[in-house]
Number of protein chains: 2
Amino acid sequence: MDKYVKELKSHKLKITSQRLDILSFLDENRVHPSADEIYKAIKINSPALSKTTIYNNIDVMVKNNIIKAFRFMDSNELRFDYKTTEHYHFICRKCKNIYDVDISLPYLEKFEHYKHKVEEFYGDYKGVCENCLNKKKQKKK
Amino acid sequence: MDKYVKELKSHKLKITSQRLDILSFLDENRVHPSADEIYKAIKINSPALSKTTIYNNIDVMVKNNIIKAFRFMDSNELRFDYKTTEHYHFICRKCKNIYDVDISLPYLEKFEHYKHKVEEFYGDYKGVCENCLNKKKQKKK
DNA sequence: TCTTAAATTGTAATTATTCCAAAACAACAA
DNA sequence: TTGTTGTTTTGGAATAATTACAATTTAAGA
């Protein structure tokens, strides 16, 4: 049985071609796409697709922890990610590339003297990526 | 000389009543307001105010590091903050209150083996706040 | 006071997202 | 395999946040 079918079944979600398309697209294209990018990509082979379907399913899958939603501070679109294990994002302010950062932040230890109950932590990094740094060096020479 | 005038001058920005209004509003009301909330609050005493002015100025001030912009993952509006020193936000999923969290995260040390140059780190916490936790306990009794 | 570049205003346009009602479909039972 | 039912999909319209633009006004230096 297909892994995406298994994934959906384990959350008691109905198997639809739209859901499978979204999951496989996210899994095979780790580019942190927006709802619109997912929509456009899938629509190529399934022209009847509606944008509402994308939003509905994204919603359901985020709630079921199958995919993760995140956004950058200064961006107005949500982005999505198949991976749900702890990781962060680095965005380059020059090339706008988004890199996964696989570290684990000690976000709870520091929180001690606040009495709020932390359930989630979200964080991202911004700066200039390795590639763009190297380009700059070459120009200077 | 007024501290907001000084602040604007130090960034070579023109002094306008609109800018002074925005700054004093943000400084005196530490509620992380959205653009619309700032607009409505200032419009009461300056009815000629345009929303575009709010957006323009917010933009200029963020770029000049006078105020800070941030947003929560699942919200679609930007929020603003007079404080520009390192601090994070905790949002309560019950009462939606936003609390400042004055800690400093060791976000750079962990980053070592990536070659990207980090310039900024953004993070926020989500959970249930002290108040809401206490309310729940009382109900149970 | 004069000049000029920058800021403000109001309206219109755009973008992301949500709402809604009708039609289509998946899953389960008979 | 077919019928039933509740869920999903669709498309169009509505909303919310933000941006674009052109005309008017204004701050600040000469």
Side-chain angles (χ1 to χ4, degrees), chain A residues 1-2 4-23 25 32-43 45-64 66-67 69-80, chain B residues 1-2 4-23 25 32-64 66-67 69-80 96:
Chain A
M1 186 170 51
D2 194 59
Y4 309 121
V5 172
K6 207 185 279 178
E7 179 85 80
L8 290 171
K9 281 205 171 154
S10 79
H11 292 277
K12 302 202 163 115
L13 296 175
K14 288 200 174 162
I15 315 303
T16 68
S17 67
Q18 291 85 343
R19 287 178 178 167
L20 296 175
D21 285 347
I22 294 173
L23 278 178
F25 178 74
H32 315 91
S34 63
D36 193 59
E37 284 162 355
I38 300 172
Y39 171 70
K40 282 186 181 137
I42 298 177
K43 202 176 173 70
N45 293 314
S46 314
L49 182 68
S50 159
K51 209 162 200 179
T52 306
T53 301
I54 298 291
Y55 279 105
N56 286 343
N57 282 325
I58 269 169
D59 223 61
V60 165
M61 293 186 197
V62 167
K63 279 188 185 129
N64 281 275
I66 300 172
I67 65 177
F70 70 99
R71 82 199 308 161
F72 284 93
M73 244 175 313
D74 47 6
S75 143
N76 31 11
E77 59 190 6
L78 270 173
R79 303 188 155 273
F80 302 92
Chain B
M1 184 169 55
D2 193 59
Y4 308 121
V5 172
K6 206 185 279 177
E7 179 86 79
L8 290 171
K9 281 204 171 155
S10 80
H11 292 276
K12 302 204 164 116
L13 297 175
K14 290 200 175 162
I15 315 302
T16 68
S17 66
Q18 291 84 344
R19 286 178 179 170
L20 295 175
D21 285 347
I22 293 173
L23 279 178
F25 178 75
H32 315 91
S34 65
D36 193 58
E37 285 162 354
I38 299 172
Y39 171 68
K40 282 186 182 137
I42 298 177
K43 202 176 173 72
I44 293 171
N45 293 313
S46 314
L49 182 69
S50 160
K51 208 162 199 180
T52 307
T53 302
I54 298 292
Y55 279 105
N56 286 344
N57 283 323
I58 269 169
D59 221 62
V60 165
M61 294 187 197
V62 167
K63 278 187 185 130
N64 280 274
I66 299 172
I67 65 177
F70 69 98
R71 84 198 311 160
F72 283 94
M73 240 175 314
D74 46 7
S75 143
N76 28 16
E77 59 191 5
L78 269 174
R79 304 189 153 271
F80 302 92
K96 307 292 174 200

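Numbers restart at 1 for each chain; the letters A, B, ... are given by sequence-line order, proteins then strands. Just so you know, these numbers use all the heavy atoms, side chains as well, and skip hydrogens, waters and symmetry mates.
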For A:Lys14, is there any backbone N or O sitting under 3.5 Å from a side-chain donor or acceptor partner on A:Arg19?
yes

Nucleic acid footprint by protein, nucleotides 17-30 of chain C - heavy-atom cut-off 4.0 Å, B for base, S for sugar-phosphate alone
BBBB-----BS---

Between B:Gln18 and C:dT9, is there a side-chain N or O to OP1/OP2 distance below 4.0 Å?
yes

Is B:Arg79 paired with B:Glu77 through a side-chain N to carboxylate O contact shorter than 4.0 Å?
yes

Does OP1 or OP2 of C:dT8 have a side-chain N or O of B:Asn57 closer than 4.0 Å?
yes

Basic-acidic side-chain contact under 4.0 Å: A:Asp2, A:Lys6
no

In whole Å, what is the span from the CG atom of B:Leu49 to the C1' atom of C:dA7?
12 Å

Can you tell me how far P of D:dA27 sits from NE2 of B:His11, to the nearest Å?
21 Å

Looking at D:dT10, I'd like to know if its phosphate oxygens (OP1 or OP2) sit under 4.0 Å from a side-chain N or O belonging to A:Thr53.
yes

What integer distance in Å separates A:Ile58:CD1 from C:dA16:C1'?
11 Å

Spacing between B:Met61 atom CE and C:dA6 atom C1', to the nearest angstrom:
14 Å

For B:Leu8 and D:dA27, give me the distance from atom CG to atom P, rounded to whole Å.
13 Å

Without decimals, in angstroms, what is the distance between B:Glu37 CD and D:dA16 C1'?
14 Å

Checking B:Ser46 side chain against B:Leu49 main chain: does a donor-acceptor pair fall under 3.5 Å?
no

In whole angstroms, how far is the C1' atom of C:dG10 from the CD1 atom of B:Ile54?
14 Å

A:Phe70: ring-ring contact (aromatic ring centres under 6.0 Å, His included) partners, not counting sequence neighbours:
A:His32, A:Phe72, A:His89

side-chain hydrogen bond (donor to acceptor under 3.5 Å, both in side chains) partners for B:Lys12, two or more places apart:
none

Backbone N or O of A:Thr52 within a donor-acceptor pair of the A:Ser50 side chain at under 3.5 Å?
yes

Report the residue (A:Val60 or A:Ser50) whose heavy-atom-nearest nucleotide on DNA chain D is the more 5′ of the two.
A:Val60

Please give, in whole Å, the distance from D:dA17 P to B:Ile38 CD1?
13 Å

